[in-house]
Amino acid sequence: MLNYEDLEPVQIKIHEFCEKCNVELLAGDETEYMSFTSVLINRPGLFLAGFKEYFGYFRIQLIGNAEHYYLKSLDEDKRNAAIESLFSQHIPCIIYSRGISPSEFEFEMAAKYHIPLMGAKSTTTYLSNIISNYLEEILAPMTTIHGTLMDVAGVGVLITGESGMGKSEAALELVQRGHRLISDDVVICKRISDKVVGTYPEKTKFLMEVRGLGIIDVAAMYGTGSVLNEEEIMLIVNLKNLTDKADCERVGSKIEHEKILDLEIPKYSVPVLAGRSVAVLIEVAVRNFRLKNMGQDAFETLLARTGLMK
């Protein structure tokens with residue numbers, strides 16, 4: 001499992017965070033940066049009530065009705081002491097949900113301890129989900145892979161193989177057959193929760209290199225319906241230059257896997273031989289992958305029919 005408390009720090013401009021999470025900056029400089037190391041969000045109710053063990057000071061602090069009305073129930077001295085204690089923890093920021101407005105004393109503490117204050121009219125639960133999803137995306141572990149990423153019938157397929165194996169040509173034929181390109185040549189992979197999501201480098205967005213033709217713009221040539229911004233990598237098809245049929249899987253008894261960012265992705269190794277349509281084989285691999293996920297395995301059917309299944 002991904003450790004949500006031990007991620008590499010990422011700095012984000014305050015105005016960018018506000019825009020992405022649909023929150024309003026109430027106090028602070030929008031041109032400054034905030035540093036995040038966790039996708040988790042903290043509700044500081046217990047801390048405000050005096051229980052200060054296990055406090056997630058490195059997390060965003062989210063104040064909803066429960067925290068707001070608890071503070072209002074205290075007399076002024078206790079309320080101000082609890083508020084200053086929270087603001088003095090060097091937290092990234094405080095966000096108020098449900099249209100709650102910070103008190104004058106909270107604005108004073110924000111200036112004193114240099115803590116950005118933000119607000120939104122959204123419910124606390126909804127706002128928490130929006131922020132967590134954004135943090136998960138920007139803090140996700142990342143790597144790059146040489147290959148081509150396609151959406152084939154709703155399945156994200158990473159086509160890999162040595163240079164000259166025909167990855168781009170196979171991808172171009174798949175586009176002509178109605179499937180969609182995400183990235184050619186270089187795929188940026190991010191681990192988001194328990195999924196690996198692939199996208200393109202900005203400089204080569206929807207561009208493809210085809211030997212003999214050069215660079216083509218897939219989106220311009222085939223329309224916006226032929227491309228996607230990102231896709232979960234669910235299957236790897238590795239193109240191999242094999243001439244010995246003995247080196248090829250014949251009946252599908254073995255399931256290969258390859259690790260990307262510590263997650264196991266199913267993999268088919270497909271030999272590139274004269275007369276074979278690699279694009280058709282990739283389509284068949286996707287259909288077979290989907291059938292297996294639904295519990296239909298042709299190899300097990302063969303064993304059952306021959307009486308070899310135990």
Side-chain angles (χ1 to χ4, degrees), residues 1-28 30 33-74 78-79 82-107 109-110 113 115-141 190-197 229-230 232:
M1 293 292 292
L2 188 61
N3 185 353
Y4 290 102
E5 302 283 21
D6 190 24
L7 300 173
E8 290 294 322
V10 173
Q11 288 195 325
I12 300 296
K13 266 193 175 181
I14 290 176
H15 80 83
E16 180 180 341
F17 176 85
C18 291
E19 181 182 332
K20 295 292 185 180
C21 297
N22 197 26
V23 296
E24 178 187 358
L25 183 64
L26 304 176
E30 66 174 11
Y33 288 83
M34 295 186 295
S35 181
F36 299 108
T37 59
S38 174
V39 304
L40 302 179
I41 295 171
N42 194 58
R43 297 286 300 274
L46 284 175
F47 183 90
L48 294 170
F51 183 76
K52 300 183 179 181
E53 300 293 330
Y54 310 109
F55 177 67
Y57 64 89
F58 45 84
R59 302 180 191 173
I60 290 175
Q61 306 299 310
L62 184 57
I63 291 182
N65 278 341
E67 294 80 9
H68 176 64
Y69 285 110
Y70 169 73
L71 288 172
K72 287 188 69 174
S73 71
L74 302 176
K78 288 184 178 179
R79 179 168 61 249
I83 290 171
E84 183 162 11
S85 180
L86 174 63
F87 277 73
S88 66
Q89 298 300 310
H90 305 291
I91 52 183
C93 65
I94 297 178
I95 302 178
Y96 299 82
S97 65
R98 294 183 174 273
I100 296 171
S101 297
S103 65
E104 183 178 340
F105 184 75
E106 286 168 286
F107 279 112
M109 293 299 100
Y113 292 103
I115 304 297
L117 301 185
M118 303 169 194
K121 295 183 179 180
S122 310
T123 64
T124 312
T125 301
Y126 177 80
L127 188 58
S128 178
N129 289 336
I130 292 293
I131 296 170
S132 290
N133 290 339
Y134 172 69
L135 293 178
E136 196 169 68
E137 181 178 343
I138 65 170
L139 288 167
K190 288 185 176 182
R191 177 172 172 175
I192 300 177
S193 188
D194 288 328
K195 297 179 180 180
V196 177
V197 176
N229 287 327
E230 62 180 27
E232 177 189 354

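As the structure is a computational prediction, the values presented were derived from the model and not from experiment.
- The two residues His68 and Ile63 come nearest to each other via the heavy atoms N-CG2, 4.1 Å.
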*Taking it one step at a time, do Asn42 and Phe58 satisfy side chain to side chain contact (heavy atoms under 4.5 Å, CB included)?*
CA-CA 9 Å; Asn42 194 58; Phe58 45 84; over 6 Å; no
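- At most 12 heavy atoms of other shown residues, nucleotides or ligands fall within 6.0 angstrom of atom OH in Tyr57.
- By the 6.0 Å contact criterion, CD on Gln11 is enclosed, its count of non-hydrogen atoms from other residues, nucleotides or ligands being greater than 12.
- Side-chain atoms of Lys72 and Tyr69, non-hydrogen and from C-beta on, do get closer than 4.5 Å to each other.
- Closest heavy-atom contact between Leu127 and Ser97: CD2-CB, 3.9 Å.
- Two residues are said to be in side-chain contact when any heavy atoms from C-beta on lie closer than 4.5 Å; Ile14 and Met118 meet this criterion.
- Remark: Ile41 CD1 to Leu62 CG distance equals 6.0 Å, nearest 0.5 Å.
- Looking at every heavy atom in both residues, Leu71 comes nearest to Ala82 through CD2-CB, 4.2 Å.
- Atom CZ in Arg43 sits 4.5 Å away from atom OG1 in Thr124 (nearest 0.5 Å).
- Using a 4.5 Å heavy-atom cutoff, the side chains of Phe55 and Leu86 are in contact.
- With values rounded to the nearest 0.5 angstrom, Ile95 atom CD1 is found 10.5 Å from Leu25 atom CG.
- The backbone N or O of Tyr70 lies less than 3.5 Å from a partner atom in the side chain of Ser73, making a donor-acceptor pair.
- Val23 places a side-chain heavy atom less than 4.5 Å from the side chain of Cys18.
- Summarising the geometry, atom CG belonging to Leu135 is positioned 8.5 Å from atom CD1 belonging to Ile12; distances are rounded to the nearest 0.5 Å.
- Taking the side chain as every heavy atom from C-beta outward, Phe47 and Ser85 approach each other to under 4.5 Å.
- Atom CD1 of Ile94 sits about 10.5 Å away from atom CD of Gln89, to the nearest 0.5 Å.
- Between the side chain of Glu106 and the backbone N or O of Ser103, at least one donor-acceptor pair lies under 3.5 Å.
- Taken to the nearest 0.5 Å, the CD1 atom of Ile91 stands 11.0 Å off from the OH atom of Tyr113.
- The closest donor-acceptor contact from the side chain of Arg98 to the backbone of Gly64 lies at 3.5 Å or more, if one exists at all.
- The number of heavy-atom neighbours closer than 6.0 Å to CG of Asn22, taken from other residues, nucleotides and ligands shown, is 12 or below.
- In plain terms, the two heavy atoms of Met34 and Cys93 that are nearest each other are SD-CB, 3.7 Å.
- Annotation: Phe107, atom CZ; neighbour count of heavy atoms from other residues, nucleotides and ligands within 6.0 Å is above 12.
- For Arg59 (side chain) and Gln61 (main-chain N/O), no donor-acceptor pair under 3.5 Å exists by modelled atom type.
- Looking at heavy atoms from C-beta onward, Pro102 lies in side-chain contact with Leu26 at the 4.5 angstrom threshold.
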